[in-house]
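Please read all numbers here as calculations on a predicted model, not as lab measurements. Below, chain A is the first sequence line, B the second, and so on; all start at residue 1.
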Amino acid sequence: ACKGTHPLDPSRSLKYCLVILNQPLDKCFRHLWHKAHLKACADGGANRLYDVTEGERESFLPEFISGDFDSIRPEVREYYAIKGCEIISTPDQDHTDFTKCLEVLQRKIEEKDLQVDMIVTLGGLAGRFDQIMASVSTLFQAPQITSLPVIIIQEESLVYLLQPGKHKLHVDTGMEGDWCGLIPVGQPCNQVTTTGLKWNLIQFFFSFMDRTFGIIAKHSVQPFLWFCVLETYLTFQEK
Amino acid sequence: MEHAITPLEPLLPSGSLKYCLVILNQPLDKCFRHLWHKAHLKACADGGANRLYDVTEGERESFLPEFISGDFDSIRPEVREYYAIKGCEIISTPDQDHTDFTKCLEVLQRKIEEKDLQVDMIVTLGGLAGRFDQIMASVSTLFQAPQITSLPVIIIQEESLVYLLQPGKHKLHVDTGMEGDWCGLIPVGQPCNQVTTTGLKWNLTHQTLSFGTLVSTSNAYDGSGVVAVETDRPLLWTMAVKL
């Protein structure tokens, strides 16, 4: 079962690493930064960090910046290199900067023997459509890279991939917004059961056509049979 | 049978493609004005009417849709009133099992048949940004579209276009000059086990595209101006638009 604890909740003691992708940084970034046990940027994510921390850059130095460096600006790369951030080239064109950054991150976590619970990623859910899909694709590859849950947050959306099995998502931090959903990206999910949603599911196809209206707790008669990979997301409101 | 399409043909200033335009609830891009005037039928899905209203301030009477449909939980009351007064049909589609976009396509197809319109494509603006669940819902509508209309449905927002390739062979003409650098093939709904392409920088030969195995993103063109794709399952084509 997944912890489901929300990294944005200031009162929780969740330990996490932070990955910054190449998208505008949200307000929640500052709070997330200071509580993160390890911070990294994937390529152009460093540009975003550099620009949004003007005047206080020395308080926002990532442990490393990795990527094929076709996005990071030369002056940004130089700045962080001079400040002692590790600059790690990951030129492999068969994988995205995000995927490769997770690989480097996992290596660092092991080297430093860091006890962390989650990897929080900022960005990746807006901009070029192919890159949004690439972010989702990285979530599918993440279990081969790390055993830690990987979540992605951008603006008001959070995305998290549920592996086959049973999951309990605690959505009571107070930071949850109004909407949520389950998206069978990658393949149909033929046996889905939920409780706790406004419209609980007995069967769910990509066409969104088979939603079943349900009352909370009344549909827990069936065992939780999740035979496929799903994706769920919860909104949150920034404090 | 091979399907041929020039995805960016609607954007050509001199193009003769006949299309309908659907506006969803996202900021409207610059290309909207060009697309509007050449469209044979224009419609807004719910909050899409807000976007149209706001961006056409001062010249709203030149941008009146044939209809606005939806469950109307997004359209502002003054916007709805304005377009109603101006003679635009306001069509309530309250069914909560389908999105405003899906229901708008249904209404659109009905209108096309009623008016016996000869059109070649449905162009949708918006739907690829904002709330993640709504982006996915837009993609989901593309899966439902073949049950609603036989017309190809494309979605454009900012620099991205998406178009769902049904199983079979496709020729995508990418030589309008409006194509940007990147393109991709995304097996959104299920693995595509036999995918073959030509015309891309990184082509596929009877390969599997699947989340967790291989997803083609940040691909590019080989310069030939034509991309051929053969797929055994529905496969989402995405490409950059030079706006």
What residues form a side-chain hydrogen bond (donor to acceptor under 3.5 Å, both in side chains) with A:Arg107, not counting sequence neighbours? none

Quick one: are B:Leu105 and B:Thr141 in side-chain contact, heavy atoms under 4.5 Å? yes

Considering only heavy atoms, give the residues of residues 156-172 of chain B separated from chain A by less than 4.5 Å, sorted numerically, with 'none' for an empty result. B:Glu159, B:Ser160, B:Val162

Interface residue of largest heavy-atom contact number with chain A, from B:Cys192, B:Ser218, B:Gly212, B:Pro187, under 4.5 Å: B:Ser218

Give a yes-or-no answer on whether the side chains of B:Thr196 and B:Glu230 include a donor-acceptor pair shorter than 3.5 Å. no

Examine whether an atom of B:Leu236 lies under 4.5 Å from a heavy atom of chain A, and if so say whether it belongs to the side chain, the backbone or both; otherwise answer neither. side chain

Please classify the contact of B:Leu128 with chain A as side chain, backbone, both or neither, using a heavy-atom distance under 4.5 Å. both

Among the options A:Gln141, A:Arg128, A:Met133, pick out the one with the most heavy-atom pairs lying under 4.5 Å from chain B. A:Arg128

Decide yes or no for A:Val150 and A:Thr121: does some side-chain heavy atom of the first lie under 4.5 Å from some side-chain heavy atom of the second? yes

Report yes if the side chains of B:Ile68 and B:Asp46 come closer than 4.5 Å at any heavy-atom pair, otherwise no. no

What part of A:Ala134 lies closer than 4.5 angstrom to a heavy atom of chain B: side chain, backbone, both or neither? both

May I ask you to check whether B:Thr93 and B:Ser69 show a side-chain donor-acceptor distance below 3.5 Å? no

Could you check if a side-chain atom of A:Ser137 sits within less than 4.5 angstrom of a side-chain atom of B:Phe211, using non-hydrogen atoms only? yes

Any side-chain heavy atom of B:Asp95 within less than 4.5 Å of one from B:Lys103? yes

Please classify the contact of B:Leu214 with chain A as side chain, backbone, both or neither, using a heavy-atom distance under 4.5 Å. neither

Does this structure show an ion pair linking B:Arg76 with B:Asp54, if we count only N-O contacts that are shorter than 4.0 Å? yes

Shorter than 4.5 Å, heavy atoms on both sides: which option in B:Pro191, B:Ala129, B:Gly184 has the most such pairs with chain A? B:Pro191

